[in-house]
Asks: 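My questions will all concern the structure given below.
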Amino acid sequence: MSKGRGLIVTTSPHVRDEDSVTKIMYNVVLALLPALILAVRTFGLHALWLIITCSVTALASEALAQKLRGVKVTINDGSALVTALLLAMSLPPNLPLWVAVVGTVVAIILGKQIFGGLGYNYFNPALIGRAFLLASFPVLMTTWEKPFVDAQAQATPLGLMKMEGVATPYSDLFMGSVSGSLGEVSALAILIGGLYLLYKGYIDWRIPLSYLGTVVIFMTILGEDPIFHLLAGSLLAGAFFYATDMVTTPITKKGRWIFGIGAGILLVLIRIFGGYPEGVLYSIILMNMFVPIIDKYTVPTVFGEVAK
Amino acid sequence: MSLWKEFAKGLWDENPVWVLLLGMCPLLAVTNTAVNGLAMGLATAFVLLGGGIVNSLLKNVIPHKVRIPCYIVVIATFVTIADYVMAAYFPEVHKLLGLFIPLIVVNCLILGRSESFATQNPVHYAISDALGMGVGFTWALTFLGIIREIFGFGSIFGVQVLGDWFTPWIIAVLPAGAFLTMGIVLAIFNVLKSGSTSEAECH
């Protein structure tokens, strides 16, 4: 309308690129694809059904919750889909579909919409869904399937390590020939997705680096095999996809270091001294809780302000 | 002010659980089954009634400055009676509720009703109020207990109502389940109520 009529200067911030919630979310979906495809290849069609069930349920419950709250329905922005895929990635491959439905509804409604929708939730919704399922159905949620063979149970590499002291070869962990939840089978697939997000600048390298680094340092100090602990379980998925959620992690740079280091220490404590073989879920969820206070105390000095 | 009105307000309009949000501690701790919820509700109702009557009668005798300790002594007496009666006649339930029976003493619902109602009103109104609050508290606890028992065990009052196909939702009988169930039920009740009550009346 005012084209050619001189300069128009709006107030800051001046948005210079075309990033939007929708664009970022669909890029995250793209980054998750390698892990999901590999999961379907490894565990068969049921894994695909789990992914589809979670996605459909997430979109439906997001739309329902937003209708009930009387706000604009925004299921096209992809955030519900990302939550659904992240939740699906954390589920065991032979989980009954109705359990996935329950988990997704809890993730979207109790994990996200109750707090006021996208941007207002304190905890990563997908992790809330998984925590709910783990507390509700501990047997179903820890029944793992042997890769490439249907209906044969096998413990996860971390379970084998903790209970029987058996180490799984690095190559299996890397390429995805181990049992575990959908998204944790292959370190390679997770790395591809994670590096893509780093390259696009949608996640901050500080959180994965401090999280993984803390785990490696403490595992080495404690005399454990750091490479094994890096590759096994959902640590890489956690570091790249769950711990980097924009809403539930600190916004300050210093805060992100604190977040990653704290999560790393919690993970080592749970894996080595705790009762569970895996602790990525609780390490991130517990640190999510501290984000408001971390942000409060790590506000950087404003340029020009005199340091105290 | 009528006796019926003082009784009825505790059932819904000023329900101690769903509106006043008092007595959350026993509510969250013992409503994992319907029987526990009912037993805790009845014990609390008894103490409410006894404490309400005695505190109402003593309101002119108790010096104002030391009224809270005096109320507590009266309430503790009735809690001890409830504790012993339950131990004698319902040992199983008493064992399940355990520490939470003596803890009725510090249930803020009971002290709250003594402080804000029983000692401000004649004894027959105090009785009416205590009965209403007691019944309101009991039904709320039993209701939560039923919901949590169905999800957590597939039964109601110990009778199996859901078949073998049912997988128990263990979280329902854990402390987290108490908060979740309470929050969801409260949200539903608030939605039901907001149709009939305007925002201004809620405050």
Side-chain angles (χ1 to χ4, degrees), chain A residues 50 53 57 61 64-71 87 90-92 94-117 120-123 125 127-143 275-276 281-282 285-286 288-289, chain B residues 17-18 21 24 27-34 36-37 143-156 160-200 202:
Chain A
L50 274 176
T53 307
T57 315
S61 34
L64 179 74
Q66 288 178 326
K67 268 256 151 57
L68 287 177
R69 288 175 49 220
V71 295
L87 178 67
S90 72
L91 299 176
N94 46 0
L95 193 73
L97 293 180
W98 68 267
V99 180
V101 171
V102 172
T104 317
V105 171
V106 168
I108 294 288
I109 302 214
L110 295 186
K112 184 173 158 196
Q113 289 295 337
I114 275 217
F115 293 100
Y120 295 97
N121 46 310
Y122 286 93
F123 300 100
L127 293 179
I128 288 286
R130 179 173 154 79
F132 184 90
L133 292 183
L134 197 59
S136 293
F137 314 105
V139 177
L140 288 174
M141 284 296 286
T142 51
T143 307
Y276 294 109
L281 160 70
Y282 292 114
I285 251 184
L286 287 172
N288 281 164
M289 201 165 64
Chain B
V17 172
W18 309 119
L21 293 171
M24 291 293 106
L27 173 107
L28 297 170
V30 301
T31 56
N32 52 351
T33 63
N36 284 359
F143 183 64
L144 268 187
I146 289 173
I147 296 177
R148 291 179 64 193
E149 193 177 337
I150 290 177
F151 277 101
F153 299 109
S155 59
I156 299 177
Q160 206 67 32
V161 288
L162 298 176
D164 289 337
W165 53 269
F166 179 71
T167 315
W169 298 29
I170 294 170
I171 197 167
V173 291
L174 299 177
F179 284 104
L180 289 173
T181 319
M182 162 86 197
I184 293 167
V185 173
L186 198 57
I188 294 172
F189 280 179
N190 281 345
V191 168
L192 290 180
K193 252 198 277 189
S194 62
S196 59
T197 319
S198 82
E199 189 115 311
C202 289

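Being a predicted model, the structure only gives us computed values, none of them experimental. Every chain is numbered from 1, with letters handed out A, B, ... down the list of sequences.
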Asks: Where on A:Val139 is there a heavy atom nearer than 4.5 Å to chain B: the side chain, the backbone, both, or neither?
Replies: neither

Asks: Pick one of side chain, backbone, both or neither for A:Ile109, based on which atoms fall under 4.5 Å of a heavy atom in chain B.
Replies: neither

Asks: Between A:Leu140, A:Leu110, A:Val102, A:Leu68, who has the most heavy-atom pairs with chain B when the cutoff is under 4.5 Å?
Replies: A:Val102

Asks: For B:Ile170 versus A:Ala135, what's the shortest heavy-atom pair and its separation?
Replies: CB-O, 3.5 Å

Asks: Pairs of donor and acceptor atoms under 3.5 Å between chain B and chain A, please, with atom names and distances.
Replies:
| residue | atom | partner | partner atom | Å |
| --- | --- | --- | --- | --- |
| B:Ile170 | N | A:Ser136 | O | 3.0 |

Asks: Taking CZ in B:Phe179 as the centre, count heavy atoms belonging to other residues, nucleotides or ligands within less than 6.0 Å. Is the count above 12?
Replies: no

Asks: What part of A:Leu133 lies closer than 4.5 angstrom to a heavy atom of chain B: side chain, backbone, both or neither?
Replies: neither

Asks: Enter the distance from A:Ile114:CD1 to B:Leu180:CG here, rounded to the nearest 0.5 Å.
Replies: 9.0 Å

Asks: List for me each residue that meets side chain to side chain contact (heavy atoms under 4.5 Å, CB included) alongside B:Ile146, sequence neighbours excluded, and say none if there are none.
Replies: B:Ala34, B:Thr142, B:Ile150, B:Ile156, B:Phe157

